**Q** 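Before I ask anything, let me first share the structure, which is written out below as structure tokens.
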Amino acid sequence: MPNCPKCSKQVYFMEQALALGKTWHKTCLKCSTCNKTLTIGSFSDKDGQPYCNPCYQKNFGPAGVRAGSGAGTANSYQWKK
């Protein structure tokens, strides 16, 4: 039986989540920044560490993503007539 990379305990089949080439407990697969529980296919990774998509964008995304907040922030150009 594999050991979870987060808690180092054995992972039984019914509680496993396969992600980043490792076998995790479903409850141990959490964002490295905000500690939000993640689900398979709905997160990003950096250097083998899982991140929820908002934290990944905030920490590693382009500068324009970190600078604004809310819908339309990046698209604030006003048309002149």
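We're numbering straight along the sequence, starting at 1. In this text, all values refer to a predicted model and were calculated from it rather than measured experimentally.
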**Q** Strictly by ring pair (Phe, Tyr, Trp, His ring centres under 6.0 Å), give each pair with a member in residues 25-59 just once, sequence neighbours left out.
**A**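 Passing the test, one end in residues 25-59: Tyr51-Phe60, Tyr56-Phe60.
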
**Q** Output, in order, the C-alpha distance, side-chain angles, deciding distance and verdict of side-chain contact (heavy atoms from CB on, under 4.5 Å) for Lys26 and Glu15.
**A** CA-CA 6 Å; Lys26 291 177 186 175; Glu15 59 186 3; 5.6 Å; no

**Q** Given Ser32, which partner from the list Cys52, Pro50, Cys55 fulfils the side-chain contact (heavy atoms from CB on, under 4.5 Å) test?
**A**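 For Ser32, the side-chain contact (heavy atoms from CB on, under 4.5 Å) test succeeds with only one of Cys52, Pro50, Cys55, which is Pro50.
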
**Q** How long is the gap from CD1 on Ile40 to CG on Leu20, to the nearest 0.5 Å?
**A**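 Output value for this atom pair is 8.0 Å.
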
**Q** Which atom names give the shortest non-hydrogen contact between Gly48 and Asp45, and what distance separates them?
**A**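 Distance-wise, the nearest heavy atoms are N-OD2, 4.1 Å.
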
**Q** Please name the residue in the list Leu29, Leu18, Asn3 that meets the side-chain contact (heavy atoms from CB on, under 4.5 Å) test with Trp24.
**A**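 Looking at Leu29, Leu18, Asn3, the match for Trp24 under the side-chain contact (heavy atoms from CB on, under 4.5 Å) is Leu29.
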
**Q** Determine the minimum heavy-atom distance between Asn53 and Ser44, stating which atoms define it.
**A**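 Nearest pair, atom of Asn53 first, then Ser44: OD1-OG, 2.8 Å.
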
**Q** Please test Asn59 against Thr33 for side-chain contact (heavy atoms from CB on, under 4.5 Å), starting from the C-alpha separation and ending with a verdict.
**A** CA-CA 9 Å; Asn59 293 326; Thr33 300; 3.0 Å; yes

**Q** With ILVMFWY side chains joined below 4.5 Å, transitively, what does Phe13's cluster contain besides itself?
**A**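 When side chains under 4.5 Å apart are linked, the cluster holding Phe13 also contains Met14.
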
**Q** Taking all heavy atoms of Val11 and all of Gln16, pick out the closest pair and write down the distance.
**A**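 Taking every non-hydrogen atom into account, CG1-CB, 3.5 Å.
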
**Q** Is the closest side-chain heavy-atom distance between Cys4 and Lys9 below 4.5 Å?
**A**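 Cys4 does not reach Lys9 side chain to side chain.
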
**Q** Looking at every heavy atom in both Lys30 and Thr37, which two are closest together, and how far apart are they?
**A**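 That closest heavy-atom pairing would be CE-OG1, 3.8 Å.
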
